[in-house]
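One structure below.
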Amino acid sequence: MSKNKLLLIDGNSVAFRAFFALHNSLSRFKNKNGLHTNAIYAFHNMFDNVMEREKPTHVLVAFDAGKTTFRHETFTEYKAGRSKTPSEFTEQMPYIRELIECLGVKHYELINYEADDIIGTLAKSVDPKEFDVIVLTGDKDLTQLADDHIRVDVTVKGVSEVESYTPSHIEEKYGLAPLQIIDMKGLAGDTSDNLPGVTGIGEKTAIKLLKEYGTVENVYQHVDEMKKSKRKENLIHDKEQALMSKELATINISAPITIQTTDLVYQGKDLDRLIPFYREMDFQSFLDKLDYPDLDIMEESLPDISYTVVDSKEDLTQGMFRPGMSFYVETLDANYHLAEIEGLCWGDEREIYVSKNPELLQNPLMIDWLQSENSQLTVYDAKSTYCLLNRQGIILKNIVFDILIGAYLLDTNDNSDDVAAIAYHYDYKTILRDEEVYGKGVKKGLPEEADSFENHLARKIGALNFLKEPLKKELTAKNQWELFWEMELPLAKVLADMEIAGIKVDSHRLEEMKVEFASRLKEIESRVYELAGEEFNLNSPKQLGVILFEKMGLPVIKKTKTGYSTAVDVLEQLKEHSPIIEEILSYRQLMKIQSTYVEGLLKVIHPTDGKVHTRYLQTLTQTGRLSSVDPNLQNIPIRLEEGRKIRQAFVPSKEGWQIFSSDYSQIELRVLAHISEDEHLRQAFIDGMDIHASTAMRVFGVETADEVTGNLRRQAKAVNFGIVYGISDYGLSQNLGISRQQAKTFIETYFDKYPGVKEYMEKAVEEAKEKGYVETLWHRRRYLPDIHARNFNVRSFAERTAINSPIQGSAADILKIAMIEMAKRLEEEKMEATMLLQVHDELVFEAPKSEIPKLEQLVKQVMEQTVTLSIPLKVDSSVGNTWYEAK
DNA sequence: CAGAAATCT
DNA sequence: TTCAAAGATTTCTGA
């Protein structure tokens, strides 16, 4: 039989270490009730680490009981003078005890004794033949316990590192035996426990004395023999203190404990308790780590919910549909343009209906209800619901609330892509996360028990019903109802239509390119291998690093966490050393075009209509921009000619049609001019000037526009970008390849010449500090908890965000408003033109050639006039037979 | 599954 | 003194 292993954890000191390990993330670790959770979280990680490392058979966490112990009877000042424990820490202690119980571990405390004494007593009382003992603590005092079967692990830093004290390690480190640690404390004292020791003796001197005399007592036996010195005087004078300090530092190994090792057998985590605990703490990452081995356990932890199962479309009756219900369509694949419908559900407080049969969507009662003007539906993700129903030929009409969008607007940080996540946030706990029910990755699928699936769907409706009122109320309270009702909800419909329309891709053109790029890649590859003198994987920065910096001996300019950096800016600097560099750069560019845009795009062309249907994520970005996935149509190449050719493959869907594109000119700087009210910036836009040239004139002191050289304009452009992003002199100097000092001067001059901008920036940071958030012109909020961070970098980032988000976000709002108006006008004008894409400041349409002049005039009017700022908005338009030509 | 590299506004 | 420009997605490698 293998030996037992007993793990003894010093609860208070490990918890305290845990608290400080994540102290600088204090603001990020808060649950929905405002409880700090950093110590709980870090304690859990420390526990997991030690369990993983040691795999003990028995575990106990010992705590100090109360404030006073037998030691205070000896020395009333024991542990006095400690700075007060932060309340952010003490509030977490009860939860740490609860966590320990949930983890299936016993904890123990004993009136009048410290955790040390409990640990010491247990460690020394077990039979060394039966047990190895590991002690985990944040306090070196416990190292005195070390012996051949007891090892003391002291946390070092972070959550994973410990220093293991064995007798031989202590010998190596101090030249002492474990028990002499106590003598050392006796002589040197211990500031954290307020042990006085002997005046003038620290760790070093104590060790020296102990090496000679062995113990405190023996030091005093021989103190008279010492030659006259200040130290001798101190030793004699402080004898009482020394002996008392030693006594206090000695761990009591015969505390009257009432537990035995048989009570401490480790049983493993108690999932029934742990899962609700994680939810309460908002520990999503720990929840994710559980493999959810048993759906039954999860379900049993929830109270029952009642619902009606509808098996076939014949079973539907009029009475099942009422205005004001919630409605939800379930798919397993996130791509709703392709996903199968796995089930649907709807209901209100009175009744919830659930079905696994998508054929219900063919029943006229159902169709009429969904298409009616007065169904007043609440949904979760309006856009996906529109698209899924559209594929069934149903035009969903009367959505009045969207839980997903509502939650996103209220707090963009709360990135919930799951009904349950939002529900938990509002303390509604009777629902499981999709991952818990369906699993994830390759194992994702419907639960084996049909009941589980139906239950889950019913719970979703329950959650939607519950959430709508509090969310609406909060949106109103935060002055965001209009943002929701007039911008985001109508936009969901516009986006759905754009996604459904899709954009036609000329696959033959892509196939041609694929062949051409493949051969060019091969050529470059072989040249690189020749120059390198061997073959390797050019796609591996790691292997490339070895070739460049070890084999070829090029100078190392920058390192990454994992090795040599081979990023563009590094390679640019190495160009002179070898022709291989240019080849590598072209390879990388071409490879990107080939894999992502040529091959990647070919893969996502819809088999029946030859189009690509992206999905715009409406509730993802922190600023209010959209993002685009599957495929991403917001980063199709344009800067370099080679990549730009990809746009030749984006063509109109009908014969005789053209691609039309309009983009805002300098929208972010215009927004900045409006928000900051800086008179010079505003005047430049009002006068219709070239903004970068205008900046160049003011910042570089040039009198007339003619004198602005290309280089000056380029530099001014970089400064303008920097301003929008929340500038730093370093960033600007990197960008322009100038000295930091020079960059600093540019920035100072800019602020001098545009004082309104400077004032805006200061105000934005101020506002963030005061309110905890910043907002756009349309009250889109972004919370910035890090604005108070002690860490310089973290705080600086939050400050730049405070400056940038209202600008980027307001620009996003403007385009969203224009899109909604544009969709409306196209319909009113009964035009065939279709809006296809949005690329942050650009809208792409397709239209019959004959409609183009009218479209051009309409788009310009809508984009420039729907929103009016204190400066004009300006759009540039272009048209062509492909997206390539339209720009 | 994270990191590094490329792409866009 | 720290360290350094805003917001995104996709592909590949290699632990």
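Note that the structure is predicted; figures quoted are calculated from it, not measured. Quick note on labels: first sequence line is chain A, next is B, and so on, each numbered from 1.
Under the side chain to side chain contact (heavy atoms under 4.5 Å, CB included) criterion, A:Met835 pairs with A:Val494, A:Met498, A:Met819, A:Met822, A:Ala823, A:Leu843, A:Phe845, sequence neighbours left out. Listed by chain and number, the residues in a ring-ring contact (aromatic ring centres under 6.0 Å, His included) with A:Tyr564 are A:Phe549 (sequence neighbours excluded). Residues passing the ring-ring contact (aromatic ring centres under 6.0 Å, His included) test with A:His337, sequence neighbours excluded: A:His613. Under the side chain to side chain contact (heavy atoms under 4.5 Å, CB included) criterion, A:Glu775 pairs with A:Glu767, A:Tyr773, A:His779, A:Arg781, sequence neighbours left out. Residues satisfying the ring-ring contact (aromatic ring centres under 6.0 Å, His included) test with A:Phe536, not counting sequence neighbours, are A:Tyr529. Scored by the ring-ring contact (aromatic ring centres under 6.0 Å, His included) test, A:Tyr750 finds A:Tyr754 as partners (sequence neighbours excluded). Among residues two or more places apart in sequence or in another chain, the salt bridge (charged side-chain N to carboxylate O under 4.0 Å, His left out) test is passed with A:Asp506 by none.
Comparing A:Asp729 and A:Gln808 along DNA chain C, the residue whose closest nucleotide (by nearest heavy atom) sits nearer the 5' end is A:Asp729.
Applying the ring-ring contact (aromatic ring centres under 6.0 Å, His included) test to pairs two or more places apart or on separate chains, those with a residue in residues 727-749 of chain A are A:Phe700-A:Phe746.
At a threshold of 4.0 angstrom between heavy atoms, the contacts of A:Ile803 with the nucleic acid are absent. Counting any heavy atom pair closer than 4.0 Å across all strands shown, A:Gln543 reaches sugar-phosphate atoms only and no base atom. Residue contacts shown for A:Asn537 are limited to sugar-phosphate atoms, with no base heavy atom under 4.0 Å away. Looking at heavy-atom distances under 4.0 Å, A:Asp630 makes contact with sugar-phosphate atoms alone, never a base. When heavy atoms are screened at a 4.0 angstrom cut-off, A:Arg782 is found touching the sugar-phosphate backbone but no base atom. Residue contacts shown for A:Ser796 are absent, as no nucleic acid heavy atom lies under 4.0 Å away. Looking at heavy-atom distances under 4.0 Å, A:Ile636 makes contact with sugar-phosphate atoms alone, never a base. The residue A:Asn804 sits close only to the backbone: its heavy atoms come under 4.0 Å of sugar-phosphate atoms, none of a base. Nucleic acid contact class of A:Val724 (heavy atoms, under 4.0 Å, all strands): none.
Taking 4.0 Å as the cut-off between side-chain N and carboxylate O, A:Arg625 and A:Glu668 count as a salt-bridged pair. Salt-bridge formation is detected for the pair A:Glu512/A:Arg509: a Lys NZ or Arg NE/NH1/NH2 atom is positioned less than 4.0 Å from an Asp or Glu carboxylate oxygen.
Using a 4.0 Å cut-off on heavy atoms, the residues of residues 577-593 of chain A that approach DNA chain B are A:Arg588, A:Gln589, A:Lys592, listed by number. Taking a 4.0 Å limit (strictly below) on heavy-atom distances, residues 563-573 of chain A reaches DNA chain B at A:Ser565, A:Thr566, A:Ala567, A:Val568.
With contacts defined as side-chain heavy-atom distances shorter than 4.5 Å, the pair A:Tyr587/A:Asn539 qualifies.
Bracketed by its first and final contacts, the part of DNA chain C lying under 4.0 Å from non-hydrogen atoms of chain A reaches from C:dT2 to C:dA15 in 5' to 3' order. The span of DNA chain B lying next to chain A, judged by atoms under 4.0 Å from heavy atoms, is bounded 5' to 3' by B:dG3 to B:dT9.
Here A:Thr623 contributes atom OG1 and A:Gln808 contributes atom CD; the two are 4.0 Å apart, rounded to the nearest 0.5 Å.
When the shell of 6.0 Å around NZ of A:Lys763 is examined, it contains 12 or fewer heavy atoms from other residues, nucleotides or ligands.
No donor-acceptor distance shorter than 3.5 angstrom exists from the side chain of A:Thr749 to the backbone of A:Val699, with no hydrogens or angles considered.
A distance of about 27 Å separates the C1' atoms of B:dA5 and C:dT2, rounded to the whole Å.
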